[in-house]
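These numbers come from a predicted model, not from an experiment.
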Amino acid sequence: MADAGGRRRARGRAVSGLRVLVVGDVALDVLVAPVAVPVVGADVPARIRTRPGGAGANTAAWLAHLGRDAGIAVTLAARVGADPAGRAAAAELAAAGVTAHLAVDPEAATCTVVSLLGPPGAVSRHPTPRGRTSADVTSPGGIPRGAVPPGAGPEPTSAAAGRPLVGPGDRTLLSDRGAAALLGPDDLPDVAGFDHLHLSGYVLLDASSRAAGRAALAAARAAGISTSVDPQVAPALAAPGRAAAFLDDVRGVDLLLPNTDELRALGGAAAVLRQVGAVAVSAGADGARWADPTGGWHAVAPPATVVDATGAGDAFDAGVLVARLSGASPAEALAAGCSAGAAAVGRLGARP
């Protein structure tokens with residue numbers, strides 16, 4: 001069995017299949033597609049739908065979907081509220097083939113993200129935009145990238161500023177991390193009981209949940225299991241001192257999975273490879289790239305009709321990880337990630 005970075009690992013015990021632990025967010029996504037330009041004080045008609053989300057939960061669902069034939073068993077560790085969304089989360093994850101290890105917060109609500117959607121995007125060759133469903137935890141004004149469902153209305157415009165709130169193929173997120181921000185070390189299962197740990201960067205980049213992320217990585221190092229991290233929030237990494245702190249947190253991780261903006265915020269591949277074993281970068285229309293101390297590889301993004309880019313980056317992560325943990329080469333893993341991303345953008349919602 002190869003770890004996420006490609007090194008061979010010997011184990012003292014037999015396993016029936018790979019066991020992957022994902023630590024991250026569970027969220028309720030509220031998708032809002034106005035059918036007219038929002039005007040201050042008006043009652044604006046819109047198409048409003050809810051979907052299960054959260055970057056960690058999305059990755060876990062795609063891992064279970066893509067890894068079923070490979071015998072990969074997936075567990076998600078997260079914190080939810082004692083509310084209908086939190087209660088539904090366990091059932092939704094179980095339906096996706098994911099074992100839910102959910103701590104229930106008696107006061108904070110389950111993470112909720114309202115996505116204000118722009119008009120539809122065109123056909124794209126790039127299946128792996130960083131469509132995310134959790135909050136930008138340190139940059140409330142940040143506007144993550146992503147496409148929108150067909151039938152969405154015209155560009156929502158700020159009446160005060162006279163400019164779009166969100167452009168074509170994009171969205172503006174209104175986020176409340178709620179219980180997810182309160183994830184703590186005591187909410188984690190025994191990390192040593194798994195073969196691989198994947199950590200959502202939101203956990204590390206929120207001061208209130210950072211200890212849980214650091215504890216998970218420390219436990220994985222102590223147990224000798226492989227690790228991967230997706231940074232997920234380029235604006236947060238651009239804050240003074242944040243990139244250096246993040247790189248310190250992920251020192252020794254086998255595989256980092258940034259997009260090009262996040263890699264730039266972290267100082268580039270050379271700087272990152274001084275801290276981690278390998279980097280798999282989703283690179284927009286340029287597809288995806290892999291770099292490690294032995295060399296570099298590239299995969300072309302296949303054509304894809306963008307229906308909804310939410311969770312495409314999470315699917316990319318899962319495709320890369322399933323392939324890599326199954327012994328695939330870096331080039332093969334990148335191709336698998338791009339294929340998963342293409343499948344994600346062709347459907348409404350963030351999960352398979």
Legend entry - Heavy-atom check, side chain of T99 versus side chain of L76, under 4.5 Å: no
Inset, instruction - Please check if the side chain of D292 supplies one atom and the backbone of G295 the other of a donor-acceptor pair under 3.5 Å. - result: yes
Legend entry - Cluster check V114, I48: I/L/V/M/F/W/Y, side chain < 4.5 angstrom: yes
Inset, instruction - Please answer whether the main-chain N or O of A181 pairs with a side-chain N or O of S208 as donor and acceptor at a distance below 3.5 Å. - result: yes
Legend entry - Within-4.5 Å side-chain heavy-atom neighbours: L237 and L266: yes
Legend entry - Residue pair T110 / D83, side-chain donor-acceptor N/O under 3.5 Å: yes
Legend entry - Side-chain donor-acceptor pair present, S228, H196, cut-off under 3.5 Å: yes
Legend entry - Smallest separation among heavy atoms of A96 and A64, with atom names: O-CB, 3.4 Å
Legend entry - Same cluster (ILVMFWY, side-chain, under 4.5 Å), L205 and L182: no
Inset, instruction - Rounded to the nearest 0.5 Å, what's the gap from CG on L197 to CG on D195? Could you check? - result: 11.5 Å
Legend entry - Interatomic spacing from CZ in R351 to NE2 in H65 - rounded to 0.5 Å: 13.5 Å
Inset, instruction - Could you please spell out the steps behind the side chain to side chain contact (heavy atoms under 4.5 Å, CB included) verdict for V272 and L263? - result: CA-CA 8 Å; V272 171; L263 184 64; 3.8 Å; yes
Inset, instruction - Measure the CG-OG distance between L18 and S326 for me, rounded to the nearest 0.5 Å. - result: 6.5 Å
Inset, instruction - Mind listing the closest non-hydrogen atom pair of A344 and G311 along with its distance? - result: CB-O, 4.5 Å
Inset, instruction - Quick one: closest heavy-atom pair of L21 and P189, and the distance? - result: CD1-CG, 3.8 Å
Inset, instruction - Can you measure from CH2 (W290) to OG (S329) and round to the nearest 0.5 angstrom? - result: 9.0 Å
Legend entry - Heavy-atom neighbours of D69 CG exceed 12 at 6.0 Å: no
Legend entry - N/O donor-acceptor pair under 3.5 Å between W62 side chain and A350 backbone: yes
Legend entry - Heavy-atom pair of closest approach, residues A333 and A323: CA-CB, 3.7 Å
Inset, instruction - Please report the shortest heavy-atom distance between G201 and Q232, naming the atom on each side. - result: N-OE1, 3.2 Å
Legend entry - Residue pair T227 / L255, side-chain heavy-atom distance below 4.5 Å: no
Inset, instruction - Please say which of D187, D25, D186 ends up in a salt bridge (charged side-chain N to carboxylate O under 4.0 Å, His left out) with R79. - result: D187
Inset, instruction - Measure the shortest side-chain to side-chain distance between V250 and V276 over non-hydrogen atoms and say whether it is less than 4.5 angstrom. - result: yes
Inset, instruction - Quick one: pull up CZ in R289 and CG in L334 and give me the separation to the nearest 0.5 Å. - result: 10.0 Å
Legend entry - Expected output: side-chain N58 to main-chain G54 donor-acceptor under 3.5 Å: yes
Inset, instruction - Measure from the side-chain N and O atoms of E262 to the backbone N and O of N259, and report whether any donor-acceptor pair falls under 3.5 Å. - result: yes
Legend entry - Test item: R214 side-chain N/O and A218 main-chain N/O as donor-acceptor pair under 3.5 Å: no
Inset, instruction - List the steps, then state whether salt bridge (Lys or Arg N to Asp or Glu O under 4.0 Å) holds for R51 with D29. - result: CA-CA 5 Å; R51 293 288 187 275; D29 286 353; over 6 Å; no
Inset, instruction - Let me see the working for D105 and V80 under side chain to side chain contact (heavy atoms under 4.5 Å, CB included), right down to the final yes or no. - result: CA-CA 6 Å; D105 194 289; V80 299; over 6 Å; no
Legend entry - Any L321 side-chain heavy atom under 4.5 Å of H198 side chain: yes
Legend entry - Pairwise side-chain contact, L174 with V113, heavy-atom cut-off 4.5 Å (strictly under): no
Legend entry - Flag side-chain contact, heavy atom, 4.5 Å: L204 against P231: no
Legend entry - Closest approach of V98 to A60 (non-hydrogen atoms, all atoms of both residues): CG2-O, 3.4 Å
Legend entry - Flag side-chain contact, heavy atom, 4.5 Å: D230 against T59: no
Inset, instruction - Measure the CG-OG distance between L31 and S115 for me, rounded to the nearest 0.5 Å. - result: 5.5 Å
Legend entry - From CA spacing to verdict: side chain to side chain contact (heavy atoms under 4.5 Å, CB included), V22, T75: CA-CA 6 Å; V22 179; T75 297; over 6 Å; no
Inset, instruction - Check whether F246 and L273 end up in the same hydrophobic cluster, where Ile, Leu, Val, Met, Phe, Trp and Tyr are linked by side-chain heavy atoms less than 4.5 Å apart. - result: yes
